[in-house]
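Reading through the structure tokens given below for one structure.
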Number of protein chains: 2
Amino acid sequence: MTAPSIRARVRAEMIDEIKAVARRHLAADGANLSLRAVARDLGMVSSAIYRYFPSRDELLTALIIDAYQALGTVVEAADAEVSPDDLRGRWHAVFRAARRWALDNPAEYALIYGSPVPGYAAPQDTIGPAQRPPVVLVGILRDGLTRGRLAAPPADELPEPVRTDLTAIGTAFVPGLPEALLARGMAGWTQLFGLISFEIFGRLNNGVHHQDAYFDHQTRLMADLVGLP
Amino acid sequence: MTAPSIRARVRAEMIDEIKAVARRHLAADGANLSLRAVARDLGMVSSAIYRYFPSRDELLTALIIDAYQALGTVVEAADAEVSPDDLRGRWHAVFRAARRWALDNPAEYALIYGSPVPGYAAPQDTIGPAQRPPVVLVGILRDGLTRGRLAAPPADELPEPVRTDLTAIGTAFVPGLPEALLARGMAGWTQLFGLISFEIFGRLNNGVHHQDAYFDHQTRLMADLVGLP
DNA sequence: TACGAAACGAGAGCACCGCTCTCGCCATGA
DNA sequence: TCATGGCGAGAGCGGTGCTCTCGTTTCGTA
């Protein structure tokens with residue numbers, strides 16, 4: 001393997017630097033990222049940025065993918081750190097890790113889970129990384145089932161069209177998971193997203209002051225719903 | 001009472017017209033609303049808009065309040081149309097009405113439940129209208145309790161700090177509702193928000209095709225969690 | 001009924017934005 | 001060695017939110 005040329009390495013560093021500055025601006029000013037401001041911070045002229053990213057949207061896409069990967073990594077690591085048999089421990093660890101990451105990176109959370117930018121269509125590269133957190137969650141349920149620590153809900157609780165949809169999703173992501181359990185896992189994922197969004201977007205500010213405890217309690221409720229022992 | 005002057009009436013109509021055009025633009029182009037484009041549509045010059053709204057943010061705030069009120073009205077009406085004793089019927093009606101409104105008005109849903117605009121702080125006028133849907137949901141639980149059709153979960157399932165927070169929220173919005181039940185109601189509200197957001201923001205597009213049935217099933221799951229008979 | 005004040009719309013202008021194009025400079029690979 | 005291509009600077013285009021000024025029109029009041 002040949003060492004990357006100096007130019008290629010400098011280019012890669014430049015790309016990383018642009019993304020880093022852009023992330024800083026995102027955290028400070030929110031989603032309306034200004035290419036010109038990023039360029040100014042780097043001592044460049046705005047048109048120079050276009051040597052590295054063909055458009056502002058492409059820069060945002062790069063940041064989005066990075067954010068998905070960062071969250072996915074954090075969540076998977078949290079899950080892996082708990083004994084596989086401790087289903088509730090894993091559930092709580094995943095919930096807490098996702099929330100922690102969101103609180104530490106609110107702008108990036110808003111970037112990937114806020115309202116999508118109007119003309120902006122999520123590129124194909126984002127859908128894979130975006131699935132990592134929910135896959136981890138339903139993975140806990142699958143492990144619980146295979147280890148006999150979790151009972152599958154009756155399959156007939158699912159209406160037919162939902163079952164067929166979930167069959168396809170299940171075979172793609174968590175083969176062997178009964179559809180009714182997958183539905184519960186997705187409910188947990190939906191709840192996790194809702195809890196974090198409410199907190200990050202300040203919708204709990206009037207009333208809920210002990211947000212850690214509140215989050216843990218709601219996590220517990222959902223663990224009950226999905227049937228974790 | 002004196003009739004409003006012609007000028008006042010024309011002004012009110014002008015405000016409504018601006019908001020209507022702005023809503024159209026919002027639906028077409030997403031959240032980055034252009035004052036100049038709205039003015040053009042009205043055959044005005046952009047500075048004329050400032051006679052009616054002191055800034056673009058104030059226009060957005062007006063649209064946000066209208067959206068909250070519209071959603072609140074729809075949800076309350078849906079709840080009122082079901083027999084008060086039919087707790088599950090009311091639960092489903094509220095969930096369905098909220099989703100229906102969001103699907104019919106996706107841009108306005110994104111406006112009020114998407115990521116908040118960066119420099120934008122929700123004005124005090126919005127917090128009241130924003131509470132209407134969750135208040136309806138927990139109202140169902142309170143009715144179930146007072147009619148003896150719903151059992152309150154044990155109070156000691158709540159950690160102390162959560163209980164005190166919820167006590168304050170409860171006395172403000174739904175006096176007499178046990179805190180543990182309020183927590184479940186808020187879980188339902190969080191889930192409703194998550195379900196709608198996932199659907200509106202296209203996060204279910206890969207896999208879930210029968211969205212009506214999926215939504216109904218998840219609604220049912222949450223009804224089970226809160227303990228509706 | 002007449003008049004001063006206030007509301008109104010148009011227009012010019014400011015600073016900013018994303019993006020394109022052109023122009024020199026220089027490292028790179030053949 | 002030399003042509004190629006990557007690179008940064010700069011000018012410029014059409015767009016944005018917002019401000020200020022200037023006539024005109026309408027209103028409440030004297």
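All chains are named by letter (A, B, ...) in the order of the sequence lines, taking the proteins before the strands, and each is independently numbered beginning at 1.
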Main-chain N/O of [Y] paired with [X] side-chain donor or acceptor, under 3.5 Å:
X	Y	answer
B:T126	B:I65	no
A:R56	A:L33	yes
A:H209	A:G207	yes
A:Q218	B:A183	yes
B:T164	B:P161	yes

*Using atom CZ of A:R11 as one end and atom C1' of D:dG5 as the other, report the distance to the nearest whole Å.*
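My rounded result for the distance is 12 Å.
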- Query: Can you tell me how far C1' of C:dA7 sits from CZ of B:R9, to the nearest Å?
  - Reply: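 Distance check: B:R9 CZ to C:dA7 C1' gives 17 Å.
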(request) Answer with yes or no whether the side chains of A:Y109 and B:S115 bring together a donor and an acceptor at under 3.5 Å. (result)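 Not at all, the side chains of B:S115 and A:Y109 share no donor-acceptor pair under 3.5 Å.
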Query raised in the report: For B:Y52, which contact category applies under a 4.0 Å heavy-atom criterion: base, sugar-phosphate, or nothing?
Result: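 The residue B:Y52 makes sugar-phosphate contact but no base contact.
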Next item on the list: Could you tell me how the ring of B:Y113 sits relative to the ring of B:W189: parallel (under 30°), tilted (30 to 60°) or perpendicular (over 60°)?
Entry: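 Judged by the thresholds at 30° and 60°, the geometry between B:Y113 and B:W189 is perpendicular.
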Counting primed atoms, P, OP1 and OP2 as sugar-phosphate and everything else as base, the B/S/- map of nucleotides 10-20 of chain C against protein heavy atoms under 4.0 Å is BB-B---BBBB
Nucleotide by nucleotide, nucleotides 24-30 of chain D touches protein heavy atoms under 4.0 Å in the pattern (B base, S sugar-phosphate only, - none) -BBSS--
Exercise for the section: Answer yes or no: is there an ion pair linking B:D212 with B:R96, defined by an N-O contact shorter than 4.0 Å? Expected result: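 Salt bridge flag = no for B:R96 with B:D212.
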